[in-house]
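Throughout, protein chains are lettered first and strands after them, A, B, ... in sequence-line order, and every chain is numbered starting at 1.
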2 protein chains.
Amino acid sequence: MNPEAPTLAVSTVIFALRATDSSETSPATLWLPLVRRIREPFEGKWALPGGPIGASESLGDAAARNLLETTSLRSRYLEQLYAFGTLDRSPSQRVVSIVYWALVRPDEAERATEGENVRWFAADDPPQLAFDHNTIVEYALWRLRNKMEYSRIAHAFLGERFTLTQLREVYEAVLRKPLDPANFRRQIESTNSVVATDERLAGGRHRPPRLYRYNESFDLADNGPLPMT
Amino acid sequence: MNPEAPTLAVSTVIFALRATDSSETSPATLWLPLVRRIREPFEGKWALPGGPIGASESLGDAAARNLLETTSLRSRYLEQLYAFGTLDRSPSQRVVSIVYWALVRPDEAERATEGENVRWFAADDPPQLAFDHNTIVEYALWRLRNKMEYSRIAHAFLGERFTLTQLREVYEAVLRKPLDPANFRRQIESTNSVVATDERLAGGRHRPPRLYRYNESFDLADNGPLPMT
DNA sequence: TCAGTTCAAGTCAATTGCACCTTTACTGCC
DNA sequence: GGCAGTAAAGGTGCAATTGACTTGAACTGA
């Protein structure tokens, strides 16, 4: 082995939608879980979950495993973001990080056991992070918002059944702008990416909205001919 | 050092436009230079140029250096493509390749000294390559064609001064479909990505077309808040 | 039963995209 | 020198899409 070879690691930026406060009426916003570093460098600072790559796992598998081990989260969507490898990202040691980004559903996000060393932060306003992780979060946010506009990735934030209003609220939360409900409905229906079910969501104090499910024959991510492993 | 740590390398997919045959009238198509492997595994097979990452260079610098050393090419545009790291990509040894893609201008492409170990191939129909390099080329082609449609990346294929017809021919060659000259002109002019010069290209047996130059204040790639190193 | 709320569908003007047409300006040849 | 050929450059009109707005339907809770 070359003693000058950089250390290789994977990290993951995880996004989930959470209510801004405990009230039901407040709109959801983007949050991400961070882990506290328990050793130098940057001991005590918050950082993206990550770790080394196992000898018998692919890069994506390594990201998913690290995710599960450090935050107890299983992601519905996992995509490679970028490989970061400038010289100055870590003091004393050369580290090349292959970073993934993940989307988890709200019910799954609850499983992330918050504690002293794992906590959720607003994605748009994270604290000062270890290494170059602030830059990485910023880039991941850009990619997410970009991809929302040309793919059906929003579905990864939702469960099996959802109303068109819920789907619209995902777009509004990520893109941070209100969308016209009628036009949104027309656009989504024209793509055939969702399928209407017979069920309706009862219980609200208004006309019960129809529940939809995702059209499985649709490509969620539009990532081209990539072997997503 | 962890003896199980994967070997880290960079490779680059280089694209250039070249005339299909020696005649001037034939339309240009996409070509890429490949290098012949001179050792096992896959000795004798064609492969993407690449190599190890130096101790004091960033990933992008490593890609550019390898490019220059193996093919004598300096690229006008270099962007990270993807990090490939499945277990089966190389026999006996675990290799993680961080792959870049590059665009070079026709005049620069001439510098690639073709010989026994470096040769140009049609990008859409490469031979059977070493490792998973056929997959990588296919993905790079997808990214290039995708990016042509929402960025001004085509300019990286051209020199300082160019006519709108030349620019249109770049799009036609990459996207493999004819474009309406009038509509193309209007679209390009509406973006303000090019600036008209006073010069015209004389010598043709027709009305001399105006020469344009690229608007430097325009973002060529639209890669978001990435530190492109 | 009624007020309040949201779902769901429809209308219309403005904008954009695309196919096609006309005019302009040069070169090469007779 | 005039004419034919060619591509540049600009223009026109239709179709599809988008965005702002309106209307009616369906349900809950008081």
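Taking atom CD1 of A/I188 as the reference point, atom P of D/dG19 lies 13 Å away to the nearest angstrom. C/dT6 atom P lies 17 Å from atom CZ of A/F184, rounded to whole Å. Distance CD (B/E149) to P (C/dC18): 11 Å, rounded to an integer number of Å. Rounded to a whole Å, the CZ atom of B/R200 is 13 Å from the C1' atom of D/dA7. The CG atom of B/D180 sits 18 Å away from the P atom of D/dC14 (whole-angstrom rounding). Look at CG on B/N183: it is 16 Å from P on D/dA15, rounded to the nearest Å. Distance A/E189 CD to C/dC7 P: 13 Å, rounded to the nearest Å. Across the protein-nucleic acid pair, B/R185 atom CZ and D/dG11 atom C1' stand 13 Å apart, rounded to whole Å.
Proximity of the aromatic rings of B/Y77 and B/H155 is defined here by a centroid distance below 6.0 angstrom, and this criterion is not met.
For the side-chain contact (heavy atoms from CB on, under 4.5 Å) with A/L17, the lone residue among A/V104, A/L30, A/L103 that qualifies is A/L30.
In terms of phosphate contacts, B/R210 brings no side-chain nitrogen or oxygen within less than 4.0 Å of OP1 or OP2 of D/dG10. At the phosphate of D/dC21, neither OP1 nor OP2 sits under 4.0 Å from any side-chain N or O atom of A/R186. Between A/T165 and the phosphate of C/dC7, there is a side-chain N or O to OP1/OP2 separation shorter than 4.0 Å. For B/Q187 and C/dC18, the shortest distance from a side-chain N or O to OP1 or OP2 is below 4.0 Å.
Between B/Y139 and B/V13 there is no side-chain heavy-atom pair separated by less than 4.5 Å. With a 4.5 Å cut-off on side-chain heavy atoms, A/L211 and A/P209 do not count as touching.
Of the candidates D/dG11, C/dC26, D/dA8, the closest approach to any side-chain atom of B/P209 belongs to D/dA8. For B/A182, the listed nucleotide lying nearest its side chain is D/dG10; candidates were C/dA8, D/dG10, D/dA20.
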Practice task
Could you walk me through whether B/N183 and B/R186 pass the side-chain hydrogen bond (donor to acceptor under 3.5 Å, both in side chains) test, one step at a time?
Solution key: CA-CA 5 Å; B/N183 295 333; B/R186 199 174 23 183; 2.7 Å; yes

